[in-house]
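The block underneath contains the structure these notes are about, expressed in structure tokens.
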Amino acid sequence: MLPTYVRLFTTVCALATTASAVVPIEVKGKDFVNTETGARFQVLGVDYQPGGSSGFTKDKDPLSDPDACLRDAALMQRLGVNTIRVYNLSPSLNHDECASIFNAAGIYMILDVNSPLYGGYLDRTDPESTYNDVYFEQVFGVVEAFKNFPNMLAFFAGNEVINEQSVKNVPAYVRAVQRDMKDYIAKNLNRPIPVGYSAADIRPILMDTLNYFICEDDQNSHSDFFGLNSYSWCGNSSYTKSGFDVLTEDFASASVPVFFSEFGCNEVQPRYWTEVEAIYSAEMTQSFSGGLVYEWTQETNDYGLVQLNDNGTATLLVDYNNLMAQYSKLDMARIQASNATQTSVQPPKCDSSLITNSTFTDSFNLPKRPSKVQKMIDNGLPGANTGKLVNVKGGPIAQKIYNANGQEVTGIKLNVLASGESNTPGAHTSGSTSGSSGSSGGSSSSGSGKEGAAGTISVPFVGLLSAASFMALFML
């Protein structure tokens, strides 16, 4: 039998690798709030869909490749990111390692529940035909796959479902999906996880969209938060020229957290991200809870921060460095300060008077829930693939990383954060540039692919015991 001190040391080391790095976030009024400290949570995030929608299949999604997740989590931690948004996920895949890696890095997840595959989305031209139990196997499957992760921040019930092609009753169906998701969460999860909608920046109906989704009814179908995909700030624009002043005024009366679910116009390149200073300014943070940069990897649409190369290396583009520079200027103490005025805001009651544009529905009568969907809510999704936290060890990443000039950036590593800690700009930087220029080693690749075996190197054991307590273990 092993000596007592060896067994205790082994147990303590196991705890060191399984401790949660973050605590859940909740909605209070128009703020996201840390459930333990009460501090305001502002989204400093990035949209994460390597390969785009074409790179997604039922056998592969952005959170199913641990090697890629470890690399990207380390690079995001260095950048200062605290949140990712993932658009397309397959509930049948194992996401435990990736979700746990981002948790260890202090990075939260906002996940869309829809899929571009047949049966996995609400058809904006004929929502009634797709609002069925097959669709909810996808929706509830995503909920089940991620419900046990403390860094699971929120779910998007829809993304830009309302646009020029959508029929007038689409908003009612999206609210119905929110209702069904929230009822499923209340019945089958051990904590509430917010549910909301991501809207296109269509100014003639934007306020109608907001009011329609945030107002309360007796079915608990309202959005817990509201995302806005907006690209109106291009190049070295300004608060007024971009129309951000109008958005700030329009969303000042919102009763739920509002954030940019996509931003980062690329009409002028490289992007200098001057809008970051505005988004996190004292003025805009009264209306907005931060935002998600579009997007992480370089795809054909040319919005990437990082280029993935065919030989498994990655290149940090100029936009990555420019964004890191802007994040480093932020006053995080002010941004995270709690505000009783913000958290005490109450939502309006649903009424047709909230809608001003005749093209937008003013009916809050929601479609009846299919009987099979009700059974899923009552009994849980049959055969659900339910995720769980797994051990994560920090250390250097295995893949070679280059800067935009072709020089290798060495020493990039994943830092496993202490329990309760989330990532903040400048707090967990790693990596230095070599003196000589090197080759990034291959052309860019639109897919994430396998990037090689990621290192799982143990970090030094710190933080759980005092030195005296630690030594006492060896005296038993």
Side-chain angles (χ1 to χ4, degrees), residues 16-17 19-23 25 41-48 50 62-63 65-86 97-110 149-153 273 276 290 292-293 295-297 304-306 308 314-317 319-328 330 332 335-336 389 391-403 409-433 448 451 454-460 462-463:
T17 61
S20 299
V22 303
V23 295
I25 301 297
F41 181 82
Q42 284 262 308
V43 175
L44 283 84
V46 62
D47 297 308
Y48 185 60
L63 298 180
D65 183 348
D67 295 346
C69 289
L70 183 64
R71 173 201 64 211
D72 293 340
L75 292 173
M76 289 180 195
Q77 198 176 52
R78 180 177 184 265
L79 177 62
V81 162
N82 68 14
T83 308
I84 58 171
R85 176 190 183 180
V86 184
E97 288 189 68
C98 278
S100 298
I101 286 168
F102 283 109
N103 174 73
I107 297 173
Y108 290 86
M109 303 179 295
I110 301 176
F149 298 103
N151 60 327
M152 183 61 241
L153 195 160
W273 305 107
V276 166
L292 296 151
V293 165
E295 63 179 319
W296 181 244
T297 53
L305 301 177
V306 176
L308 303 181
T315 301
L316 306 179
L317 302 177
D319 285 7
Y320 175 100
N321 291 325
N322 289 346
L323 181 60
M324 185 162 61
Q326 292 292 344
Y327 279 161
S328 69
L330 298 178
M332 295 305 298
I335 289 170
Q336 296 173 342
L389 274 175
N391 292 356
V392 172
K393 296 180 181 179
I397 63 173
Q399 302 89 342
K400 285 190 175 182
I401 307 298
Y402 296 89
N403 67 15
V409 184
T410 59
I412 293 177
K413 62 181 180 179
L414 177 73
N415 295 290
V416 176
L417 304 192
S419 182
E421 186 180 3
S422 61
N423 196 43
T424 54
H428 304 287
T429 58
S430 64
S432 58
T433 305
S448 59
E451 310 303 333
T456 53
I457 300 173
S458 299
V459 293
V462 293

Handout entry: Trace of the side chain to side chain contact (heavy atoms under 4.5 Å, CB included) decision for Val22 with Phe102
Key = CA-CA 10 Å; Val22 303; Phe102 283 109; over 6 Å; no
Practice task
Given side chain to side chain contact (heavy atoms under 4.5 Å, CB included), test Met152 with Ile110 step by step and report yes or no.
Solution key: CA-CA 7 Å; Met152 183 61 241; Ile110 301 176; 5.8 Å; no
Handout entry: Derivation and outcome, side chain to side chain contact (heavy atoms under 4.5 Å, CB included), residues Leu44 and Leu330
Key = CA-CA 11 Å; Leu44 283 84; Leu330 298 178; 3.6 Å; yes
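Side-chain contact between Thr83 and Val46: absent, with no pair of heavy atoms (C-beta onward) separated by less than 4.5 Å. Residues Gln336 and Thr424 meet the side-chain proximity criterion, which asks for heavy atoms closer than 4.5 Å. By the 4.5 Å heavy-atom criterion applied to side chains, Lys400 and Val409 are not counted as neighbours. Two residues are said to be in side-chain contact when any heavy atoms from C-beta on lie closer than 4.5 Å; Arg71 and Leu308 meet this criterion. With contacts defined as side-chain heavy-atom distances shorter than 4.5 Å, the pair Ile84/Met76 qualifies. Looking at Asn403 and Thr315, their side chains never come closer than 4.5 Å, going by heavy atoms from C-beta outward. A 4.5 Å side-chain heavy-atom check between Gln399 and Leu70 finds every atom pair outside the cut-off. Using a 4.5 Å heavy-atom cutoff, the side chains of Pro425 and Ser328 are not in contact.
Across Asp319 and Trp273, no two heavy atoms sit closer than the pair O-NE1, 3.0 Å. Minimum heavy-atom separation, Leu414 to Lys393: CD2-O, 4.4 Å. Considering all non-hydrogen atoms of both residues, Gly304 and Leu317 come closest at O-CD1, 3.6 Å. The two residues Tyr320 and Leu75 have their closest heavy-atom pair at OH-O, 2.7 Å. In terms of heavy-atom proximity, Pro150 sits nearest to Leu389 at CD-CD1, 3.7 Å. Annotation for Arg78 and Met324: closest pair O-SD, 3.4 Å, computed over non-hydrogen atoms.
Within the 3.5 Å criterion, the main-chain N or O of Ile335 finds no donor-acceptor partner in the side chain of Gln42.
Under the rule for a side chain to side chain donor-acceptor pair (under 3.5 Å), Asn423 has no partner lying at least two apart in sequence or in another chain.
Donor-acceptor pairing under 3.5 Å is lacking for the side chains of Asp47 and Trp296. For Asn82 and Tyr108, the side-chain atoms include no donor-acceptor pair closer than 3.5 Å.
In this structure, Glu97 places its CD atom where only 12 or fewer heavy-atom neighbours from other residues, nucleotides or ligands lie under 6.0 Å away.
Distance CG/Asn391 to OG/Ser100: 8.5 Å, rounded to 0.5 Å. Taking CG of Asn151 as the start and CD1 of Ile101 as the end, the distance is 11.0 Å to the nearest 0.5 Å. Put simply, CD1 on Ile107 and CD on Gln77 are 6.0 Å apart, with the number rounded to the nearest 0.5 Å. Distance check: Cys98 SG to Tyr48 OH gives 6.5 Å after rounding to the nearest 0.5 Å. Rounded to the nearest 0.5 angstrom, Leu417 CG and Asn103 CG are separated by 9.0 Å.
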